[in-house]
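Heads up, the thing below is written out as structure tokens.
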Amino acid sequence: MTSTKNSRVTLVGAGPGGPDLITVRGLNALETADVVLYDALISPALLSCIADNIPIIYVGKRCNQHAFTQDNINILIVEKAFEYGHVVRLKGGDPFVFGRANEEIDYVESFGIPVSVVPGVSSAIAVPSGQGIPMTRRGVSSSFWVMTATKRDGSFSEDLQHASLSSATMVILMGVRKLREIVLEVSKYRGSNTPIAMIQNGTMENESCITATLADIDKILLNIDKTKPGIIVIGDVVAEHPSFFQEQVQRVLHSGL
Ligand SMILES: C[S@@+](CC[C@H](N)C(=O)[O-])C[C@H]1O[C@@H](n2cnc3c(N)ncnc32)[C@H](O)[C@@H]1O
């Protein structure tokens, strides 16, 4: 493939969901795009900032919509770069956090097309932060561990055990469907009163956050939408969330103490 266009690709982190949480540099990149390829979880309000004459193409992988494979996406980026010139590849959060950015970069560069990256605000930190749940707190947690619970074959990652054995705040992405199994695994190493939060649609208008303890996980399981992505936070920092305190009062009252 060759082109007379000035082909280039910019991977832009769109931020965690709220349309105003993209960076200024990301917005500037969108203004110079000739075509935009965007993921699931990108806010429609952010897409509406793109000029009307610029094609915007959905390449998300979520199950209830047309699903693109990573290979399809790589090929499409290159085709559009040759066809239009500047491709902005808009990705959720930060491109390098569970974003498969390296695969896209390697493929595109193998065609001699230059790639640059605009960092994004990752949901891993911003979504708990938006709920007032700190990643670290003096005297409570001095580190945090961002992970996916499962490996490619669906089995638990060893990191889940290592993190559970540490005192780090655990931030688990892509774990909604396996929440019960994750909690069972973590409970082998952390006390049953350990606080846990599940946040869905974080930083957006329809955001929800449910807190509980590991022992009370059914409360979360009964109240979440398992078809929607979410972030699980496990650790004493979750007790900073106002709902956790209210729940704690209820737990004590109902225990008859
Ligand atoms: C494939 S990972 C990509 C993460 C992204 N690169 C980032 O830095 O935020 C997608 C996962 O991020 C989490 N996630 C992203 N945005 C979210 C949001 N607004 N609310 C809750 N979870 C979110 C969910 O766990 C989801 O399954």
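Keep in mind it's a predicted model, so treat the numbers as computed, not measured. Whatever order the structure lists ligands and atoms in, that order sets their numbers, starting from 1.
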Inset, instruction - May I ask you to decide if the ring planes of H162 and W145 are parallel, tilted or perpendicular, using 30° and 60° as cut-offs? - result: parallel
Inset, instruction - Report, in ascending order of atom number, the atoms of ligand 1 lying under 4.0 Å from any heavy atom of I199. - result: 21 (C)
Legend entry - D52 CG: over 12 foreign heavy atoms closer than 6.0 Å: no
Inset, instruction - Report the distance from atom CG of L46 to atom CG of L21, rounding to the nearest 0.5 Å. - result: 10.0 Å
Inset, instruction - With side-chain contact (heavy atoms from CB on, under 4.5 Å) as the test, would you mind laying out the steps for Y84 and I54 before giving the verdict? - result: CA-CA 10 Å; Y84 289 98; I54 303 299; over 6 Å; no
Inset, instruction - May I ask you to check whether I172 has an N/O atom sitting below 3.5 Å from an N/O atom of ligand 1? - result: no
Inset, instruction - Work out whether the distance between some heavy atom of S122 and some atom of ligand 1 is less than 4.0 Å. - result: yes
Inset, instruction - Report yes if the side chains of V183 and V186 come closer than 4.5 Å at any heavy-atom pair, otherwise no. - result: no
Legend entry - Backbone of C209 reached by a side-chain donor or acceptor of Q200 within 3.5 Å: no
Legend entry - ligand 1 contact by I231, heavy-atom criterion under 4.0 angstrom: yes
Legend entry - Contact (N/O only, under 3.5 Å) between P16 and ligand 1: yes
Legend entry - Any N/O pair S123/ligand 1 closer than 3.5 Å: yes
Legend entry - N or O contact, P95 vs ligand 1, cut-off under 3.5 Å: no
Inset, instruction - For D94, take its heavy atoms, then give the atoms of ligand 1 lying under 4.0 Å from any of them. - result: 6 (N), 7 (C), 8 (O)
Inset, instruction - Would you mind listing which atoms of ligand 1 come within a distance below 4.0 Å of any non-hydrogen atom of M204? - result: 19 (N)
Legend entry - Nitrogen or oxygen of G230 less than 3.5 angstrom from that of ligand 1: yes
Inset, instruction - Between M174, Q200, E207, flag the one that comes closest to atom 10 (C) of ligand 1 by a heavy atom. - result: M174
Legend entry - For P229, the ligand 1 atoms whose distance to one of its heavy atoms is below 4.0 Å: 24 (C), 26 (C), 27 (O)
Inset, instruction - State whether a side-chain donor-acceptor pair under 3.5 Å links T69 with D71. - result: no
Legend entry - Donor + acceptor pair across side chains of T136, S141 (<3.5 Å): no
Legend entry - Residue F245 excluded, over 12 heavy atoms near CZ under 6.0 Å: no
Inset, instruction - Check ligand 1 against G202 and write out every atom of the ligand that is under 4.0 Å from a heavy-atom position of the residue. - result: 18 (C), 19 (N), 20 (N), 21 (C)
Legend entry - Side chain proximity check, V87 to L37, heavy atoms < 4.5 angstrom: yes
Inset, instruction - For ligand 1, note which part of N201 has a heavy atom under 4.0 Å away: side chain, backbone, both or neither. - result: backbone
Legend entry - Polar atom proximity, V97 to ligand 1 (N or O, under 3.5 Å): yes
